[in-house]
Chemist: 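Below are the structure tokens for one structure; questions will follow.
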Amino acid sequence: MTDPIEEQPGGIIQRYRTRLPVPVGARLIHINEGATPLVHLPFMSDVSRNIRVYAKCEGLNPTGSFKDRGMTVAMTMAVHENSRAVICASTGNTSASAAAYAARAGVMAFVVIPDGKIALGKLAQAMMHGAKVIQIDGDFDAAMEMVKRIPEEADVTLVNSVNPYRLHGQKTAAFEIIDQLGRAPDYHFLPVGNAGNISAYWMGYGEYADSGLSDTKPRMIGCQAAGAAPFISGHPIEEPETIATAIRIGNPQSWELAQAAVDESRGCFKSSTDNEILKSQKSLADRSGIFCEPASAVSVAGLQVDMTGGRIPDDSLVVCTLTGHGLKDPNVAIQQSPDPFRLSDRSGELRSFILDAIG
Ligand code: AN7
């Protein structure tokens, strides 16, 4: 007897099946990812110039980041190809997603992470989902070099975004944006670390345009943290450093694809300082009610500079991808916020505090 719950449609594979390289009959490994909200950002928009800005809130995926779109396809194909274990290097979100989808699939996950440089929530996720968590002395780039060799030496599938199935999954975010807006945006700002996601979006926008589902494609604006901005330097960099640990990457694996996305779309790369990133993260939280992690806020930080500089033309439709949820990194959030107030339960203290505050 088939389980009616098991038969419920869900996830990006079922919704975009014909556009994904998943064979008929494959057992789908999904947690109902995708279909994330596109939320208007009034504080970033400019009514007088008719510039509308939306956030694609990828933190609302099952493990709290966009990685789930790629992971459902990568894990489905790994299982289809009889793989019993997967491995990834990660600044945190890939490890959380790989751990969850591996748990779902019943395969073993090895995640290799830079010691002390991943946000607390992400480490908690990898541990809770039962991955074998391996911390190394080096950074993400060193971890990446280590794991890339493993598939030749052991029967283990690499699920970093060098795995082409990952990009196919992640391109569905571009499909959704066009489905949600009824057209492609004019500008798409998104964070760039290992450079898989910008490549995936460009693939997605291209496929919808080729199918006649969109007349235009956006300019792709790749946003990096100033201390980890190899695309601004024009070459890989040693010892990347930024508070946005998710994008603390000096040697992006999808360099050519990302460069092509920017060149073909007549977009650009830009960088923001850690201070600008934190300011944007805070504005999103306390002016728009959206809590994203620091790496995600780099897209809004990049847009902020262009808005202030008048570089976004009138009547533009702009999307910023917020790649991961703010709860991933509680430490950075707490550090930049004022301490909670401390009151005793003496009568009247709370009342006078409130009357003071509301003026
Ligand atoms: C929140 O988890 O590379 O340019 O190992 O977690 O596709 O790498 C994470 C990357 C942006 C950059 N925002 O995307 C990892 C990892 C968040 C991220 C990026 C990441 P790519």
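Just so you know, these numbers come straight off a predicted model, no measurement behind them. Along the sequence shown, residues are numbered consecutively beginning with 1. Counting convention: from 1, in listed order, for ligands and their atoms alike.
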Chemist: With heavy-atom distances below 4.0 Å as the criterion, list the atoms of ligand 1 near Pro191.
Modeler: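 Under 4.0 Å from Pro191, ligand 1 has these atoms: 11 (C).
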Chemist: Given side chain to side chain donor-acceptor pair (under 3.5 Å), test Asn50 with Asp315 step by step and report yes or no.
Modeler: CA-CA 5 Å; Asn50 192 29; Asp315 308 313; 3.0 Å; yes
Chemist: Test of understanding: given a 4.0 Å heavy-atom threshold, classify the contact between Lys328 and ligand 1 as side chain, backbone, both, or neither.
Modeler: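 It is neither part, as no heavy atom is under 4.0 Å.
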Chemist: In terms of residue, atom name and distance, what is the protein heavy atom nearest to atom 6 (O) of ligand 1?
Modeler: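 Protein heavy atom at minimum distance: Asn93 ND2, 2.7 Å.
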Chemist: Which atoms of ligand 1 are found less than 4.0 Å from any heavy atom of Gly196?
Modeler: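 Listed by number with element, the hits are 4 (O), 7 (O), 21 (P).
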Chemist: Can you pull out the closest protein heavy atom to atom 18 (C) of ligand 1? Residue, atom name and distance to 0.1 Å, please.
Modeler: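 Going atom by atom, the protein heavy atom closest to atom 18 (C) of ligand 1 ends up being Ala246 CB, 3.6 Å.
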Chemist: Which atoms of ligand 1 are found less than 4.0 Å from any heavy atom of Phe140?
Modeler: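 Checking each atom against Phe140, I get 5 (O).
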Chemist: Does Ala195 have a non-hydrogen atom less than 4.0 Å from ligand 1?
Modeler: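 Yes, that is the case, since the closest heavy atom of the residue is under 4.0 Å from the ligand.
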Chemist: Are any of the N or O atoms of Glu293 closer than 3.5 Å to those of ligand 1?
Modeler: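 By distance alone, the answer is no.
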Chemist: Pick, from Gly70, Gly193, Ser95, the option with the minimum heavy-atom distance to atom 12 (C) of ligand 1.
Modeler: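 Answer by nearest heavy atom: Gly193.
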Chemist: Do side-chain atoms of Arg166 reach the backbone of Ala74 as a donor and acceptor pair under 3.5 angstrom?
Modeler: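 No, Arg166 side chain to Ala74 backbone: no donor-acceptor pair under 3.5 Å.
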Chemist: Using 0.5 Å steps for rounding, measure from the NZ atom of Lys171 to the NE2 atom of His168.
Modeler: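 That separation rounds to 5.0 Å.
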Chemist: Under 4.0 Å from any heavy atom of Val192, which atoms of ligand 1 are there?
Modeler: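 Counting atoms of ligand 1 from 1, those under 4.0 Å from Val192 are 4 (O).
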Chemist: Heavy-atom contacts with Thr323 under 4.0 Å: which atoms of ligand 1 show up? List them by number with element.
Modeler: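 Reading through ligand 1 atom by atom, the close ones are 1 (C), 11 (C), 13 (N), 17 (C).
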Chemist: Applying a strict 4.0 Å limit to heavy atoms, is Ile249 in contact with ligand 1?
Modeler: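 The answer is yes, since Ile249 has a heavy atom less than 4.0 Å from ligand 1.
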Chemist: Return the orientation label for the Tyr16 and Phe175 ring planes: parallel under 30°, perpendicular over 60°, tilted otherwise.
Modeler: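 Tyr16 and Phe175: tilted rings.
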Chemist: Examine the proximity of ligand 1 to Ile247 and report which part, side chain or backbone, both or neither, has a heavy atom under 4.0 Å away.
Modeler: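 The part of Ile247 near ligand 1 is the side chain, not the backbone.
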Chemist: Answer yes or no for Gly92: is there a heavy-atom contact with ligand 1 below 4.0 Å?
Modeler: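 The answer is yes, since Gly92 has a heavy atom less than 4.0 Å from ligand 1.
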Chemist: Under 3.5 Å, is there a donor-acceptor pair between the side chain of Ser296 and the main chain of Thr323?
Modeler: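 Present.
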Chemist: Indicate yes or no for a side-chain donor-acceptor contact from Thr157 to the backbone of Val86 under 3.5 Å, with no hydrogens or angles considered.
Modeler: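 Checking the backbone N and O of Val86 against the side chain of Thr157, no donor-acceptor pair under 3.5 Å is found.
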Chemist: Return a yes/no value for Asn194: is any of its N or O atoms, backbone included, closer than 3.5 angstrom to an N or O of ligand 1?
Modeler: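 Checking ligand 1 against Asn194, an N or O pair does fall under 3.5 Å apart.
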Chemist: Side chain, backbone, both or neither: which part of Lys67 has a heavy atom under 4.0 Å from ligand 1?
Modeler: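 For Lys67, only side-chain atoms sit under 4.0 Å from ligand 1.
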Chemist: Just need the protein heavy atom nearest to atom 5 (O) of ligand 1, so name the residue and atom and give the distance.
Modeler: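 Checking every protein heavy atom, the shortest distance to atom 5 (O) of ligand 1 gives Thr91 N, 2.8 Å.
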Chemist: Where is the nearest protein heavy atom to atom 14 (O) of ligand 1: which residue, which atom, and how far?
Modeler: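 That would be Phe66 CZ, 3.4 Å.
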Chemist: Do the side-chain N and O atoms of Arg69 and Thr36 include a donor-acceptor pair separated by under 3.5 angstrom?
Modeler: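 A pair is found: one side chain offers a donor N or O, the other an acceptor, under 3.5 Å apart.
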